[in-house]
A.B. asks: 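One structure, as structure tokens, below. Some questions next.
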There are 2 protein chains.
Amino acid sequence: MLSVKTPEEVCEIIKTQFAPVSDRAETISYTEAAGRVLAEDICASEYVPAFDRSTVDGFAVHAKDTFGCSDSIPAILQNTQEILMGQAAGFTLEEGYCAPIPTGGELPRGADAVQMVEYTEDYKDGTTGILKPAAPGHNVILKGDDVYPGKPVLSAGRKLTPQDIGALAAMGIVKVNVVRRLRAAILSTGDELVSPEKSPGPGQIRDVNSSLLAALMTRLGATPVLYGIIPDQEALLNRRVKEAAGECDLVLLSGGSSVGVKDAACRVIEAQGEILFHGIAMKPGKPTIFGKIGSCPVIGLPGHPVAAFFITHIFVRRLLAQLGGYPLREIPVMAHLSESVEANHGRAQYNGVFLEEKDGRMTAHPIRGKSGLITTLAGSDGYFCIPRDCEGLPAGAKVPVTLYSMDG
Amino acid sequence: MLSVKTPEEVCEIIKTQFAPVSDRAETISYTEAAGRVLAEDICASEYVPAFDRSTVDGFAVHAKDTFGCSDSIPAILQNTQEILMGQAAGFTLEEGYCAPIPTGGELPRGADAVQMVEYTEDYKDGTTGILKPAAPGHNVILKGDDVYPGKPVLSAGRKLTPQDIGALAAMGIVKVNVVRRLRAAILSTGDELVSPEKSPGPGQIRDVNSSLLAALMTRLGATPVLYGIIPDQEALLNRRVKEAAGECDLVLLSGGSSVGVKDAACRVIEAQGEILFHGIAMKPGKPTIFGKIGSCPVIGLPGHPVAAFFITHIFVRRLLAQLGGYPLREIPVMAHLSESVEANHGRAQYNGVFLEEKDGRMTAHPIRGKSGLITTLAGSDGYFCIPRDCEGLPAGAKVPVTLYSMDG
């Protein structure tokens, strides 16, 4: 094929040919935002904490009242009113006085340190002995120590974690702009396909790609929209693709493994839009088509589920980030191959692996299998790539493994 | 405290004190099962593929008819009927004949190999020249090559990935037994707490733990059940904890940082059940309580959100696995510290990090901050642990980082 691209070229094409969708953001409650991608930078708009707080149970003091004290020569301070949780201190601590304060309690005006209750003694006569000096700021979080108005906290493009939700709660940011879930149309084509619920007749097989791609789209933060199994009829395919491109943000068309249909996918895309390329120099996944109808990407995925899966995880994931306007962040895990892996294809080869950690050494077990449909998919943790100029890797070689569950 | 435990002891207590919930499994559709934990081993119950299939577009042949052929001396075979996708071949291929077959098509009886169309020549007279010999099995996936009835495919305890869903679809396993979502009661206690939607008054702060823990429970596959903010009133707390323990599979009680309430959590658990231990030799998270009411675990988490988060990620996650009856799987990422980290506490120290990958080297930036509420939580990727017998780690030290998003 004339327009076969390398994986690197495909990444470049995704970057240059597709722009973020125009209505990419939506505003949702912070309680719904975990796992969503921030569409805005988040800065604090308040001081946290909003007042000087004690970090221990103890006594609020003027630090200088405690200088030089010790077990044998305590600083003797007059007791004053107790500070209660959740209430303003509401008074000024005079020099020579101390005030009982709980962890998290507000320091009274004048106080600049807290001594832990363990280092005090109650003389039961309205005075307390401080047995250890406290420097100014000791056991105190000052107003704004954590954040202050305008301080950047979270960057646009970040996939929000549970702890980010906690940070939003702390700042009182209860509405956030996130990238809306992109709608991914999923079409499986092929006369041989039947729904997994059905028992395949002679020559038929179950449609794997619909549920595989739907689960993967959900995992990647998109909403799968299933258009079902399309028989190998070009007019019908044409109609359904048009419908899908009109209703969704991207179209994943898989299958078409019979001779006539291979070209049908191309013809359908060309009739309504344009083909960007046909074929990627990689294994699995070579017979992949990237095109667009208007601004809607249409990806012709290989019918083989393993190939469809790899292409989706490697490139469609990247496309989702591009359409959503956020960077793709990958944290590969370095692992040692448990056995040698040959590659002799003149194209980049992607291998699924199962990871095993033992005594700090991470081992990647390559997943084998000639046919490899189920055995390649089920149970794998991620993949590594053997570049096309490499003939293989020996057992023990260190490879960066991209995990399926870390994408994002 | 008398009963302070090491992190290792806590893991052991979780294992020995809590058993899987009795009604732990539920049956759901495979399309809903991604991210859920398998409660049964999955074995294939059919042959996949169910018939001998071609892996290429070409001609089904008797391999021995092609032996010795070449470009210059083709094997000339009689054409017979074309095999169509999704239909039974329905005939026997006699020796000396070949049949056009698409990728995925069913081999006719008698045929034992397929030669690619690229290595054939159509003589337009009802015969085809085969230009390259094909060994038996060439370009064919035999019935059951992938899986056969009884072959183990997925193990109980596995968190199902999108590709596992694809494997289930291929085998026609459309219902699966998964561990049901455990119900986690979340109670925040403290007179000082207000809902994040509200503007805190003097001495008040926003409740961070409810939304933080809810998001984390969801992330870990449990269903959070929010019991709201409970003021520091022991009778009320007692009532709400009783309610929660009756309605849920575990109870997460956070806060109680004022002096009186610290003991209230203990008293409430003791009144209704038993305390397993109070205090873990770690930082953050020391003032943690593990108890149970009947068979329901009740965890008293520290009020400080960072500590509550670490305890939940490290131990409650493990508890969820124990209650769900599945193993916890962790794949740490090895990374180099960007700066030295001191530890001098005589207890295990857990440090949040932000990861950065550059040219194959993974760097862990420790997250600093004295108060560290928001700045510690927001933006972190995972954590590493400095054991309690270690005084710190130098810049460049290699540490295993547990990622928040890989928990299994």
Side-chain angles (χ1 to χ4, degrees), chain A residues 31 34 48 50 57 85-88 102-104 106 141 145-147 153-154 161-167 169-170 172 174 190-192 196-197 200 202-204 206 208 211-212 215-216 219 257-259 305 309 331 333-334 355 357 360 370-371 373-375 377-380 400 404-406, chain B residues 31 34 48 50 57 85-88 102-104 106 141 145-147 153-154 161-167 169-172 174 190-192 196-197 200 202-204 206 208 211-212 215-216 219 257-259 305 309 331 333-334 355 357 360 371 373-375 377-380 400 404-406:
Chain A
T31 58
V48 177
D57 294 333
M85 279 306 277
Q87 297 184 20
T103 304
E106 180 181 10
I141 308 174
D145 251 359
D146 198 2
V147 296
V153 175
L154 294 165
T161 63
Q163 60 271 34
D164 296 340
I165 302 307
V174 296
D191 282 339
E192 76 280 21
E197 285 80 7
Q204 297 183 322
R206 294 195 178 89
V208 171
S211 51
L212 172 63
L216 187 51
R219 175 80 193 75
S257 48
S258 68
V259 185
F309 174 74
I331 303 176
V333 170
M334 298 306 295
L355 290 175
E357 200 248 334
K370 172 174 127 179
S371 56
L373 167 53
I374 293 159
T375 30
L377 286 178
S380 62
Y404 296 134
S405 59
M406 280 267 335
Chain B
T31 58
V48 177
D57 294 333
M85 278 307 276
Q87 297 183 20
T103 303
E106 180 180 12
I141 307 175
D145 251 359
D146 198 1
V147 295
V153 175
L154 293 165
T161 63
Q163 59 272 34
D164 296 340
I165 303 305
M171 296 184 287
V174 295
D191 282 340
E192 76 279 21
E197 286 79 8
Q204 297 184 322
R206 294 195 178 88
V208 171
S211 51
L212 172 63
L216 187 51
R219 175 80 195 76
S257 49
S258 66
V259 184
F309 174 73
I331 303 176
V333 171
M334 299 305 296
L355 290 175
E357 201 249 330
S371 55
L373 168 53
I374 293 160
T375 31
L377 286 176
S380 62
Y404 296 133
S405 59
M406 280 266 335

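These numbers were taken from a predicted model, which means no experiment stands behind them. In what follows, chains carry the letters A, B, and so on, assigned in the order in which the sequence lines appear, proteins first and then strands, with residues in each chain numbered from 1.
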A.B. asks: Using non-hydrogen atoms only, which part of V208(B) is less than 4.5 Å away from chain A: side chain, backbone, both, or neither?
C.D. replies: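 For V208(B), heavy atoms of backbone and side chain both lie under 4.5 Å from chain A.
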A.B. asks: What residue in P200(B), P305(B), P400(B), G166(B) has the most heavy-atom pairs under 4.5 Å with chain A?
C.D. replies: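 The candidate making the most pairs under 4.5 Å is G166(B).
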A.B. asks: Using heavy-atom distances under 4.5 Å, tell me whether E106(A) contacts chain B through its side chain, its backbone, both, or neither.
C.D. replies: side chain
A.B. asks: Taking D146(A) for the side chain and I374(B) for the main chain, is one N or O donor matched with an acceptor at less than 3.5 Å?
C.D. replies: yes
A.B. asks: With a 4.5 angstrom heavy-atom cut-off, which part of L154(A) approaches chain B: side chain, backbone, both or neither?
C.D. replies: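 Contact with chain B is through the side chain of L154(A) alone.
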A.B. asks: Just how far is it from atom CD of E197(A) to atom OG1 of T31(B), taken to the nearest 0.5 Å?
C.D. replies: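 Answer for the CD-OG1 pair, E197(A) versus T31(B), is 7.5 Å.
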A.B. asks: If you compare all heavy atoms of P202(A) against all heavy atoms of A88(B), which two are closest, and at what distance to 0.1 Å?
C.D. replies: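 Of all heavy-atom pairs spanning P202(A) and A88(B), the closest is CB-CB, 3.2 Å.
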A.B. asks: How long is the straight-line distance from CZ of R219(B) back to CD of Q163(A), given to the nearest 0.5 Å?
C.D. replies: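 That separation rounds to 10.0 Å.
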A.B. asks: State, to 0.1 Å, how close M171(B) and R206(A) come at their nearest heavy-atom pair, and which atoms those are.
C.D. replies: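 Closest approach of M171(B) to R206(A), heavy atoms only: C-NH1, 3.4 Å.
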A.B. asks: With a 4.5 Å cut-off on heavy-atom pairs, point out which of A170(B), G172(B), A378(B), P162(B) contacts chain A the most.
C.D. replies: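 The residue among A170(B), G172(B), A378(B), P162(B) with the greatest pair count is P162(B).
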A.B. asks: Using a cut-off of under 4.5 Å on heavy-atom pairs, state which of A215(A), A34(A), A50(A) scores highest against chain B.
C.D. replies: A215(A)
A.B. asks: Side chain, backbone, both or neither: which part of V147(B) has a non-hydrogen atom closer than 4.5 Å to chain A?
C.D. replies: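 Contact with chain A: side chain only.
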